[in-house]
Chemist: 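First, the structure itself, so that you have it in front of you.
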Amino acid sequence: MPDTNLNPPEHGNLVKNQDSAELERIRHSAAHVMAHAILRLWPHAQFASGPAVDTGFYYDLELDHRITPDDFPAIEAEMQKIIAANYPFEKITVTREQAIKDAQSGRLGALSERPGHPSKFKLGNIEDIPEGEPITYYKSGDFIDLCAGPHVARTGDIGAFKLTSVASAYYKGDERNPQLQRVYGVAFKTKAELDQYFAMLEEAKRRDHRKLGQEMGLYVIDPEFVGQGMPLWLPKGAVICEELEKLAKETEFLAGYVRVKTPHIAKEKMYLTSGHLPYYADSMFPPMVLRGENTGQGPAGTQPEQERYYLKAMNCPHHHRIFAAQPRSYRDLPLRLAEYGTCYRYEQSGELFGLMRVRSLNMNDAHIYCTPEQFAEEFNAVNQMYLKYFKIFGIEKYVMRFSTHDPAKLGQKYVGEPELWKQTEDMVRQVLKDSGINYVEVPDEAAFYGPKIDVQIWSVIGREFTLATNQVDFAVPKRFGLEYRDRDNTMKTPLCIHRAPLGTHERFIGFLIEHYAGNFPLWLAPEQVRVLTLNDSAELVSYAQAIVNELRTKFVRVSADFSPAPIRAKIADAEAERVHTMFVIGPRDKQAGAVSVRVHGKGNLGAKPVAQAIEEILHAITNRLP
RNA sequence: GCCAGUUUAGCUCAGCGGUAGAGCAGCGGUUUUGUAAACCGCGGGUCCUCGGUUCGAAUCCGAGAACUGGCUCCA
């Protein structure tokens, strides 16, 4: 179980109370003060934009000097001086002409005019302000910046802050624009909150799945022989994969899913039909090119036909072909095809991140083909399945982001089916409302072929995860010509729900490692029970061995440590390896037909009769107790 | 892919131009022990790779790879 009690994460733009509004003013003001300080050190710096973010602020700037963390103390010292001077933040409203003039003279994002060095990024920012909107500056001391505000009243109102890192960012977030240096800082109202934030970071570091994954021997990545972003599951990690699969298979069986298995590759035609090629070719591994199978000895003068195979980046097309493999009637629907499919995505190297962003992934995938009449019930059942999983894993904080289309972009960004968009979005919204699910609606973020729901969850340390994408698809089934014969004897195209409540093994286990800080519940623990003897005497060992044997016949993952080392050392080893339960056995236990039970993180729970101790283990495993 | 940083024993790290180090882990021995670490000894390295500078490179320079922090991206 999580063993810390840290502040819940702020939900960014989801929740805005007075407190967070004030924090945002503090952070944004700190960004101005940082720019002010940097200008005192490097007067020719050109600033772009500097907003408040989740825990602090940043400012993007162009400067020939490369700012490094070595520069932070000097910048922070200047910032302290500016804060001590307690300059008021003055708001000044200007005309567009005046703003352009000031930008051209280099006065914006600066301490004075800088002839010959116009505030070029500010000029670009002015262009983005719609006609008719007021244009405002904020002035603190000599520093004047183009800024919509709001700010705190005076620089002295900024609480505790610290610069944290420097990174690069594209101007306006567009990779065709110049790269700027982005200096990050964190800011809070009080020093205590700042300290708490750094404590949380330490805790996050301690729980980092990459660190724990290695320590616990769950997975390795072997870039030299296998490839970046392609985890090898070690025995202890594979156990967790298999337990999750078992859970998913049981859950899906009860919910009326049927399982299928499909190859890892398919011909080019598959992805031309699905529409993934050529749009997503960059995100797929390059094709394997084979000579046509039937044309190896073709007539003289003919070119052997080439065939291109792709590693699948998603399972849906294969499932669509299974749907198409036989005629379907409305009586066959809903058809729920489930598979733990392995997919391969050529993510850019800089995007890879431990188990969270990988190139080979095992998806808890399924596609539900249904009629429009069945849709609401099916969709609701999927949501209920999410909630069921959340309960098992103790996930208390979640949000479903409901992404809808923008009617203005029909036919371009979104398939031109206005009726279907409206219909399915209304249905999804209704289901979400009726079931009281925590959701937010995000316009213009839907997939090309239908509305989608991204499930966001937060680990106990406040790290945010997009667990899964849950999508409605009314376009691709049509592209594959999928049809069923309806009650009225006409052929109709089914709706398809893509769903993957557990996301991928890779990402979900990454989440679970951090969620549990490596202390998995018994049913997931790689090593469930270790039997330890007080010494290696023959009587004790044979008594303990019988217990090990019995646990093993009950399919408990059990190991034995009968070495002559001191019991304190053996316990220390087992605790360090996060063995869930230890059965400690000494002469007194043997005498009483008992074992002394010790649970990782909970200490010695005392002696219990062997049968009872085993029964309790089996009960916790079978019921997947937390 | 882009910018920056990092890469030394299985792990965590020190060394930063002059014979490659520590702790933990591992192996061997001694110790027979009641709930988080007994004692002694031993082995272990292409200092990421390739090239350059130098009498001499883990150390300085260049190129590449991987990882990390961001950016862009995430069907």
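Below, chains carry the letters A, B, ... as their sequence lines are ordered, and counting in each starts from 1.
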Chemist: Please measure how far the C1' atom in B/rG23 lies from the corresponding atom in B/rG64, and state the result in whole Å.
Modeler: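 Comparing C1' positions in B/rG23 and B/rG64 gives a spacing of 34 Å.
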Chemist: Using a 4.0 Å heavy-atom cut-off, does A/Y184 contact any base of the nucleic acid, only the sugar-phosphate backbone, or nothing at all?
Modeler: sugar-phosphate
Chemist: Expressed in whole Å, how much space separates the C1' atoms belonging to B/rG21 and B/rA58?
Modeler: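 B/rG21 and B/rA58 have their C1' atoms separated by 12 Å.
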Chemist: In Watson-Crick or G-U wobble terms, both distances under 3.5 Å, what is the partner of B/rG69?
Modeler: B/rC3
Chemist: Quickly work out the A/L232 CG to B/rA66 P distance and round it to whole Å.
Modeler: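 The answer, rounded to whole Å, is 16 Å.
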Chemist: Which whole number of Å gives the distance between the P atom of B/rC47 and that of B/rA37?
Modeler: 38 Å
Chemist: Is the ring pair A/H405/A/W421 parallel, tilted or perpendicular, if the boundaries are 30 and 60 degrees?
Modeler: parallel
Chemist: Pick base, sugar-phosphate or nothing for A/D282, based on heavy-atom distances below 4.0 Å to the nucleic acid.
Modeler: nothing
Chemist: What's A/S537 touching, base or sugar-phosphate or nothing? Going by heavy atoms closer than 4.0 Å.
Modeler: nothing
Chemist: Could you work out the separation of B/rG15 and B/rU7 based on their P atoms and round it to a whole Å?
Modeler: 11 Å
Chemist: Using atom P in both nucleotides, what's the gap between B/rG1 and B/rG43 to the nearest angstrom?
Modeler: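 About 44 Å, rounded to a whole number of Å.
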Chemist: I'd like a list of close polar pairs between nucleotides 11-13 of chain B and the protein, N/O only, cut-off under 3.5 Å.
Modeler:
from, atom 1, to, atom 2, distance (Å)
B/rC11, O3', A/Q214, OE1, 3.2

Chemist: Both conditions, 6.0 Å and 45 degrees, for the charged tip of A/R27 above the ring of A/F57: are they met here?
Modeler: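 The answer is no; the distance or angle limit is not met.
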Chemist: More than 12 heavy atoms of other residues, nucleotides or ligands under 6.0 Å from CZ of A/R321: is that the case?
Modeler: no
Chemist: What nucleotide, of B/rA36, B/rG34, B/rC73, holds the atom closest to the side chain of A/I571?
Modeler: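 Between B/rA36, B/rG34, B/rC73, the one nearest the side chain of A/I571 would be B/rA36.
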Chemist: Heavy atoms under 4.0 Å, any strand shown: does A/S274 hit a base, just sugar-phosphate, or nothing?
Modeler: nothing
Chemist: Scan A/G601 against the nucleic acid and name what it touches under 4.0 Å (heavy atoms): base, sugar-phosphate only, or nothing.
Modeler: nothing
Chemist: Say we look at B/rU8 and B/rA4: how far apart would their C1' atoms be, to the nearest angstrom?
Modeler: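 That atom pair is separated by 22 Å.
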Chemist: Under 4.0 Å, counting only non-hydrogen atoms across every strand here, what does A/A574 touch: a base, just sugar-phosphate, or nothing?
Modeler: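 Contact class for A/A574: none.
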Chemist: To check you understand the geometry: which heavy-atom pair defines the closest contact between A/Y310 and A/M288, and what is its length?
Modeler: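 Closest approach of A/Y310 to A/M288: C-CE, 4.4 Å.
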Chemist: Test A/R357 against every option in A/Q348, A/E347, A/E506 by the side chain to side chain donor-acceptor pair (under 3.5 Å) rule and name the one that passes.
Modeler: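 Checked A/Q348, A/E347, A/E506 against A/R357; only one passes side chain to side chain donor-acceptor pair (under 3.5 Å): A/E347.
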Chemist: Report yes or no: is the cationic atom of A/R578 (NZ for Lys, CZ for Arg) under 6.0 Å from the centre of the six-membered ring of A/F520, at an angle within 45° of the ring normal?
Modeler: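 That pair does not qualify as a cation-pi contact.
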Chemist: Which word best sums up how the rings of A/H320 and A/Y369 line up, parallel for under 30°, tilted for 30 to 60°, or perpendicular for over 60°?
Modeler: perpendicular
Chemist: Indicate the ring-plane relationship of A/F121 and A/Y171, choosing parallel, tilted or perpendicular according to the 30° and 60° boundaries.
Modeler: tilted
Chemist: Whether A/Q348 contacts B/rC73 is assessed here as follows: a side-chain N or O lying under 4.0 Å from the phosphate OP1 or OP2. Is that the case?
Modeler: no
Chemist: Both distances below 3.5 Å, Watson-Crick or wobble geometry, any strand: find the nucleotide opposite B/rG62.
Modeler: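 Its partner is B/rC50 (Watson-Crick or G-U wobble, both distances under 3.5 Å).
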Chemist: Measure from CD1 on A/I567 to P on B/rA37 and round the result to the nearest Å.
Modeler: 12 Å
Chemist: Does A/S349 place a side-chain N or O at less than 4.0 Å from the phosphate oxygens OP1/OP2 of B/rG1?
Modeler: yes
Chemist: Please report, rounded to the nearest Å, how far the P atom of B/rC24 is from the CG atom of A/D573.
Modeler: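 So the CG-P distance, A/D573 to B/rC24, works out to 13 Å.
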Chemist: Can you tell me how the ring of A/H276 sits relative to the ring of A/Y280, calling it parallel under 30°, perpendicular over 60° and tilted otherwise?
Modeler: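 It falls in the tilted class, 30° to 60°.
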Chemist: For A/H600 and A/L180, take the nucleotide of RNA chain B holding the closest heavy atom to each; which residue's nucleotide lies nearer the 5' end?
Modeler: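 That would be A/L180.
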Chemist: A/L534 has a side chain; which of B/rG34, B/rA37, B/rA75 sits nearest to it?
Modeler: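 My answer, after comparing the listed nucleotides, is B/rG34.
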Chemist: Without decimals, in angstroms, what is the distance between A/Y344 OH and B/rA75 C1'?
Modeler: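 Rounded to the whole Å, the gap is 18 Å.
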Chemist: Using atom CD of A/E539 as one end and atom C1' of B/rU32 as the other, report the distance to the nearest whole Å.
Modeler: 12 Å
Chemist: Contact class for A/R182 (heavy atom, under 4.0 Å): base, sugar-phosphate, or nothing?
Modeler: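 It contacts sugar-phosphate atoms only.
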Chemist: For the pair made of NE2 in A/H209 and P in B/rU68, what is the distance, rounded to whole Å?
Modeler: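 One finds 8 Å between P of B/rU68 and NE2 of A/H209, rounded.
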Chemist: Regarding B/rG34, can its base be found pairing with the side chain of A/N604 as donor and acceptor, where the two atoms are less than 3.5 Å apart?
Modeler: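 By the distance-only test, no, there is no pair.
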Chemist: Tell me the interatomic distance from A/E62, atom CD, to B/rA4, atom P, rounded to whole angstroms.
Modeler: 14 Å
Chemist: Taking only side-chain N and O atoms of A/R568, does any of them lie within less than 4.0 angstrom of OP1 or OP2 on B/rA36?
Modeler: yes
Chemist: Quote, to the nearest angstrom, the P distance that separates B/rC73 from B/rA22.
Modeler: 50 Å
Chemist: From the set B/rA75, B/rG34, B/rA66, return the single nucleotide nearest to any side-chain atom of A/S596.
Modeler: B/rG34
Chemist: Roughly how many Å apart are B/rG44 and B/rG17, using the P atom of each and rounding to a whole number?
Modeler: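 That atom pair is separated by 29 Å.
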Chemist: So, applying side chain to side chain contact (heavy atoms under 4.5 Å, CB included) with A/V556, which one of A/V548, A/V529, A/L522 is it?
Modeler: A/V529
Chemist: Considering just the side-chain nitrogens and oxygens of A/R345, establish if one lies under 4.0 Å of OP1 or OP2 belonging to B/rC73.
Modeler: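 Answer is no, no contact under 4.0 Å.
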Chemist: Within the structure shown, what part of the strands sits under 4.0 Å from A/A447 by heavy-atom distance: base, sugar-phosphate, or nothing?
Modeler: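 If one applies the 4.0 Å heavy-atom cut-off, A/A447 turns out to touch nothing in the nucleic acid.
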Chemist: Hey, does the side chain of A/R210 come within less than 4.0 Å of B/rU68's phosphate (OP1/OP2), counting only N and O?
Modeler: yes
Chemist: Would you classify A/F353 as touching base, sugar-phosphate or nothing, given that sugar-phosphate means primed atoms plus P, OP1 and OP2, and contacts are heavy atoms under 4.0 Å?
Modeler: sugar-phosphate
Chemist: Does B/rA38 have a Watson-Crick or wobble mate here (both distances under 3.5 Å), and if so which one?
Modeler: B/rU30
Chemist: Just call it for A/E575: base, sugar-phosphate, or nothing, with non-hydrogen atoms closer than 4.0 Å on any strand.
Modeler: base
Chemist: When you get a sec, tell me which of B/rA66, B/rU32, B/rA75 is the closest nucleotide to the side chain of A/A313?
Modeler: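 Looking only at side-chain atoms, A/A313 lies closest to B/rA75.
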Chemist: Angle class for the A/Y197/A/F188 ring planes (parallel below 30°, perpendicular above 60°, tilted otherwise)?
Modeler: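 Because their plane-to-plane angle lies in the 30° to 60° range, the rings of A/Y197 and A/F188 count as tilted.
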Chemist: Between C1' on B/rA75 and CZ on A/F285, what's the gap in Å once rounded to a whole number?
Modeler: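 After rounding, the reported distance stands at 16 Å.
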Chemist: Would you indicate what A/E224 reaches in the nucleic acid, counting non-hydrogen atoms under 4.0 angstrom: base, sugar-phosphate, or nothing?
Modeler: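 Answer is nothing: A/E224 stays at 4.0 Å or more from every strand.
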Chemist: Taking any strand in view, what nucleotide pairs with B/rC55 in a Watson-Crick or G-U wobble way, both distances under 3.5 Å?
Modeler: B/rG18
